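Below: the structure, in structure tokens.
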Amino acid sequence: MTADIAKRAEKLRAEIEQHNYQYYELDQPLIPDAEYDRLFRELQALEAQHPELRRPDSPTLRVGGRALDAFASVRHAVPMLSIKTETDIGDEGAISFDARVRRELKLPEDAPPVEYGCELKFDGLAINLRYAHGVLVRAATRGDGETGEDVTQNVRTIHLIPLRLNDCDAEVLEVRGEVYMSRRDFERYNEKQREHGLPTLVNPRNGAAGSIRQLDPALAAKRPLSFFAYGLGEVRGWPLPATHSAVLDALRQMGVPVNEERAVVQGAAGLVEFHRRIAEQRDSLAFDIDGVVYKVNSLALQERLGFVTREPRWAVAHKFPAEEQLTVVRDIEIQVGRTGKLTPVAKLEPVFVGGTTVSNATLHNEDETRRKDVRIGDTVIVRRAGDVIPEVVGVVPDRRPPDAGEPFDLYRRLEGKCPVCGSAIVREEGEADWRCTGGLFCPAQRMQALLHFASRRAMDIEGLGDKLVEQLVEKQIVLTPADLYFVSSPVLANLARMGEKSANNLLQAIEHSKQTTLPRFIYALGIRNVGEATAKDLARHFGSLDKLMAADAARLQQVPDVGPVVAQSIVAFFGESHNREVIEELRDKHGVHWDEHDGDAVAVLPLNGKTFVLTGTLPNMSRDEARAKLEALGAKVAGSVSKKTDCVVAGAEAGSKLDKARELNVPVWDEQQLVDLLRTHEQNQG
Ligand code: IVH
């Protein structure tokens with residue numbers, strides 16, 4: 001191996017880690033994903049060809065290696081302790097900690113305030129990262145504090161954790177901190193699982209713990225995790241700074257993620273202020289916290305204070321209200337969203353959770369409700385964290401009363417009808433959600449339906465925007481798109497932000513929209529899965545709205561690009577009488593109109609409706625060939641002759657079919673006549 005190859009590998013490693021930092025830490029990638037992949041594969045190939053080039057800090061290790069049978073035990077060089085939790089969630093918690101510290105330090109009453117480092121208490125999983133000469137050599141869980149598990153492979157898949165520290169050659173530097181899953185990553189992960197009908201994570205903490213303790217690192221790599229450092233373990237050959245806050249500053253310099261919502265404060269007043277400030281920000285943080293942590297900032301004072309049992313006297317956790325609580329499900333209601341999606345919602349015995357009183361929590365969809373087996377009367381765990389709507393994360397099975405409700409069945413519960421408008425409900429294949437089919441009529445979908453109907457590529461009613469539609473719906477002036485053609489100038493002029501002039505302009509735009517095209521009108525109906533392109537295909541194929549409305553699923557699937565799902569959506573939409581009534585009103589009462597034609601199927605295929613029978617051996621063409629050509633022109637090729645047969649094409653040794661044709665006076669052709677016919681039409685089709 002040449003020195004060049006080693007150099008190239010070294011360069012690739014540095015470059016890839018730089019891109020990792022840009023992508024994962026700064027969220028500002030410098031190169032496209034494909035280019036990143038190319039660099040990554042080049043390094044992988046080099047390391048495969050030259051195993052001596054492999055390094056413990058190579059980014060190729062971040063994709064996860066072989067699955068394990070079990071984790072090896074790791075004895076911590078310095079035990080991983082826990083901290084005392086202040087149970088009083090008010091100011092008193094901070095005040096009593098400061099008093100305790102002053103007492104232990106035997107400070108006189110007039111001594112200056114003690115300096116504290118204040119941090120967030122991250123809600124994840126404690127991890128010890130061992131760096132030897134700046135390279136990550138082992139990562140371990142806390143375990144019982146003395147002995148943890150070796151989770152190095154999984155931790156390497158966390159891109160925020162540096163595999164090599166910047167400018168640090170300490171013989172040993174153990175960094176301690178919390179592996180966590182951000183709220184966004186948690187929501188996204190669950191969203192995807194729900195879409196595929198797979199189990200979801202209960203909360204971000206379980207998500208983090210579950211993936212770190214996953215034996216297959218490739219699976220762990222799929223769960224997006226993050227990390228914040230909050231302290232040190234064993235340290236050899238690295239001069240300790242004087243304060244805890246300076247330790248965190250130094251770690252940050254080395255490239256270790258350190259959360260910046262931290263502060264150095266003086267005395268109890270400083271602690272109280274930090275606690276209050278963070279409590280206010282809690283919901284808007286990117287991750288869950290269950291409180292804040294106060295630490296005496298001076299490492300010398302920490303030493304003096306020492307430990308009681310397994311807890312340091314110099315630190316305390318000051319909690320916030322819990323984000324998960326138990327309560328009882330009184331009822332399960334089904335809500336209809338703006339797009340017709342039906343969501344089961346648990347009506348709860350009101351409970352104080354995550355800082356507010358919650359009495360409704362989403363159950364997401366039918367499958368999830370069934371998987372968790374939530375029933376009326378059950379005691380459930382409710383989670384409310386951040387700005388996300390509260391959700392039921394699980395049931396406490398031991399607390400199910402004997403008179404608890406039946407297993408959840410959305411269709412039965414609603415007797416197949418939308419709880420808002422009474423239209424039929426459907427659940428498409430491969431979809432997790434039930435939906436209301438009354439798109440044009442359902443009050444829950446009004447806003448959405450009207451905005452779509454009026455949009456530029458649909459009926460193109462200029463000036464009918466969000467604010468206006470909101471007012472028309474709220475004041476119940478417009479209930480369905482058909483009502484738009486009823487509104488009068490004085491009614492419009494009276495609405496907020498509308499003068500007489502804009503009212504008249506809008507009326508003109510509404511009037512103007514009555515002259516439209518069939519594709520626009522079909523698109524404007526807002527049928528699920530029918531976008532602009534499909535609307536055009538449908539219009540071309542059927543040529544008239546009535547033909548489209550009468551088509552069954554099989555007929556619809558003859559349209560290019562219309563599969564069973566789209567066909568089903570169309571059938572369900574027109575099958576709903578509420579929708580048909582709105583359409584009739586638009587067309588017959590208000591004179592919305594467009595040009596119609598006979599449709600592609602009839603206009604373009606010249607032999608549509610004709611029935612042919614083939615018999616005997618044709619001199620130049622096989623019977624299959626003749627059949628295919630006839631069918632391509634729209635003809636039907638039948639197996640026997642009847643009065644309905646338009647033409648029999650007979651070759652050599654034609655038998656009983658030829659006799660029957662003569663008997664019924666059906667025209668009989670030879671191959672040449674057929675060829676002439678095909679040629680004429682094939683030419684016309686161009
Ligand atoms: S310091 C000796 N700081 O809370 C002190 N811990 O019982 C060691 N935690 O599971 C802990 N955020 O993983 C410290 N800013 C923070 C923390 C924090 C979360 C976790 C830690 C441990 C528990 C402490």
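Counting convention: from 1, in listed order, for ligands and their atoms alike. A quick note: this is a predicted structure, and the numbers were derived from the prediction, not measured.
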E17 and R164 ion-paired at < 4.0 Å: no
Nearest protein heavy atom to [atom], by residue and atom, and its distance?
atom                    : value
atom 12 (N) of ligand 1 : F122 N, 3.1 Å
atom 7 (O) of ligand 1  : I83 N, 2.9 Å
atom 20 (C) of ligand 1 : E178 OE1, 3.5 Å
atom 21 (C) of ligand 1 : Y230 OH, 3.0 Å
atom 3 (N) of ligand 1  : K295 NZ, 2.9 Å
atom 10 (O) of ligand 1 : A126 CB, 4.0 Å
atom 8 (C) of ligand 1  : L81 O, 3.9 Å

Taking a cutoff of less than 4.0 Å between a non-hydrogen atom of the residue and any ligand atom, is E311 in contact with ligand 1? no
So [Y] and [X], do their side chains get closer than 4.5 Å, heavy atoms only?
X    : Y    : result
D123 : I289 : no
D290 : E323 : no
Y189 : R223 : yes

Got a sec: does the CZ of R277 have more than 12 other heavy atoms crowding it under 6.0 Å? yes
Number the atoms of ligand 1 from 1 as they appear, then name those within less than 4.0 Å of a heavy atom of E119, with their elements. 3 (N), 15 (N), 16 (C)
With atoms numbered from 1 as shown, which atoms in ligand 1 lie under 4.0 angstrom from a non-hydrogen atom of S82? 7 (O)
Can you list, pair by pair, the side-chain donor-acceptor contacts under 3.5 Å of residues 344-355, counting residues two or more places apart and other chains?
{"from": "K347", "atom 1": "NZ", "to": "N360", "atom 2": "OD1", "distance (Å)": "2.6"}
{"from": "E349", "atom 1": "OE1", "to": "R330", "atom 2": "NE", "distance (Å)": "3.2"}
{"from": "E349", "atom 1": "OE2", "to": "R330", "atom 2": "NE", "distance (Å)": "3.4"}
{"from": "E349", "atom 1": "OE2", "to": "R330", "atom 2": "NH2", "distance (Å)": "2.7"}

Can you list the residues that meet the side chain to side chain contact (heavy atoms under 4.5 Å, CB included) rule with A209, with sequence neighbours excluded? L125
Under a 4.0 Å heavy-atom limit, does [X] contact ligand 1 with its side chain, its backbone, both, or neither?
X    : value
L120 : backbone
K121 : both
P312 : side chain

Could you go through L165 and L173, starting from their C-alpha distance and side-chain angles, then the distance that decides it, and tell me whether this counts as side chain to side chain contact (heavy atoms under 4.5 Å, CB included)? CA-CA 10 Å; L165 300 174; L173 182 69; 3.9 Å; yes
Let me see the working for F186 and L201 under side chain to side chain contact (heavy atoms under 4.5 Å, CB included), right down to the final yes or no. CA-CA 8 Å; F186 168 75; L201 301 169; 3.7 Å; yes
